[in-house]
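Structure, as structure tokens:
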Amino acid sequence: MKSYRAFLGWWIGGLIAFGITHSFHVPLAIDAVPGGILDHQAANSAAEVNRIQAEWEAAGLLGQARTAMLTDLLFIVIYSFGAWLGGLWFRRNGKGAVRVLGNIIVWAAVFFLLSDLGETILQLKELLAGEGSDSYAAIHSTLQPVKMAAWVISFVGIIIALAAERLSRKPA
């Protein structure tokens, strides 16, 4: 039971961290950069990164972008750890498909951690340097869909596993 509570604490903590991080990301979606941080993540060239950062600078949002990226790093670690603990718990304590789902969640959490940390660190380096990098942009724009897929798989996987566990406890 202790590991179940630890999983829920870290995972829910990660969701709360996501909400806080998202509140820092929202102001970055301006007319010239409608997707905000998502546009920066998807930027696949130094020129596009530079354009986005110039727009944020003109709008007085560079500090906001730094804060958003730094809080994103915290969210990534907290959520990934919680999802990983959840996957381990379902793998160890689940039955049948829930056990398999636990394995999938474990790997999705690892892929999310590595891809989102990589993406965010490269973006932050560009932001702090005040200029984009073609090689960094190529990498973070490639990592963006990987981390999004891994996050969705881990999140939906945990919801499904929790529901399956709850339904299996109900009397017939």
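Excluded from the calculations below are hydrogen atoms, water molecules and symmetry mates; all remaining heavy atoms, backbone and side chain alike, are included.
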Using residues 68-87 as the side-chain source, report each donor-acceptor pair under 3.5 Å to any protein atom, sequence neighbours left out, with the distance given to one decimal.
unit_1: Thr71; atom_1: OG1; unit_2: Thr67; atom_2: O; d: 3.2
unit_1: Thr71; atom_1: OG1; unit_2: Ala68; atom_2: O; d: 3.0
unit_1: Tyr79; atom_1: OH; unit_2: Trp11; atom_2: NE1; d: 3.3
unit_1: Tyr79; atom_1: OH; unit_2: Ser154; atom_2: OG; d: 2.8
unit_1: Tyr79; atom_1: OH; unit_2: Phe155; atom_2: N; d: 3.3
unit_1: Ser80; atom_1: OG; unit_2: Ile76; atom_2: O; d: 2.7

Identify the heavy atoms of [X] and [Y] that sit nearest to each other, and give their distance.
X: His140; Y: Ala43; result: CE1-O, 3.3 Å
X: Asp39; Y: Ile52; result: O-CD1, 3.5 Å
X: Pro34; Y: Ala29; result: O-CB, 3.4 Å
X: Asn44; Y: Ser141; result: CB-OG, 3.4 Å
X: Gly94; Y: Glu165; result: CA-OE2, 3.7 Å
X: Gly132; Y: Val49; result: CA-CG1, 3.6 Å

Just distance, no hydrogens or angles: give the donor-acceptor pairs under 3.5 Å from side chains in residues 59-66, sequence neighbours left out.
unit_1: Gln64; atom_1: NE2; unit_2: Phe24; atom_2: O; d: 2.8

Would Glu126 and Gln53 count as a side-chain contact (heavy atoms from CB on, under 4.5 Å) here? Give the steps. CA-CA 9 Å; Glu126 289 174 315; Gln53 290 182 176; 3.9 Å; yes

If you define the side chain from C-beta out and look only at heavy atoms, does anything of [X] sit under 4.5 Å from [Y]?
X: Ser115; Y: Gln144; value: no
X: Ile139; Y: Glu119; value: no
X: Leu28; Y: Trp56; value: yes
X: Ile153; Y: Trp107; value: no

If I take atom [atom1] from residue [X] and atom [atom2] from residue [Y], how far apart are they, to the nearest 0.5 angstrom?
X: Leu162; Y: Leu101; atom1: CG; atom2: CG; answer: 9.5 Å
X: His25; Y: Ile20; atom1: NE2; atom2: CD1; answer: 12.0 Å
X: Asn93; Y: Arg99; atom1: CG; atom2: CZ; answer: 8.0 Å
X: Glu57; Y: Glu55; atom1: CD; atom2: CD; answer: 10.5 Å
X: His22; Y: Ile37; atom1: NE2; atom2: CD1; answer: 12.0 Å
X: Leu122; Y: Gln41; atom1: CG; atom2: CD; answer: 11.5 Å

Judged by atom type as modelled, is there a donor-acceptor pair below 3.5 Å linking the side chain of Asp134 to the main-chain atoms of Ser45?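 A pair under 3.5 Å: no.
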
Check the side chains of Gln123 and His40 for a donor-acceptor pair under 3.5 angstrom, ignoring hydrogens and angles.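 The criterion, which ignores hydrogens and geometry beyond distance, is satisfied for Gln123 and His40.
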
Kindly work out whether a path of hydrophobic side-chain contacts (I/L/V/M/F/W/Y, heavy atoms less than 4.5 Å apart) joins [X] to [Y].
X: Leu88; Y: Trp151; result: yes
X: Leu114; Y: Val152; result: yes
X: Val33; Y: Tyr136; result: no
X: Val146; Y: Val110; result: no
X: Leu8; Y: Ile158; result: yes

Mind telling me whether Phe7 and Trp89 have parallel, tilted or perpendicular rings, with 30° and 60° as the class edges?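 Because their plane-to-plane angle is under 30°, the rings of Trp89 and Phe7 count as parallel.
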
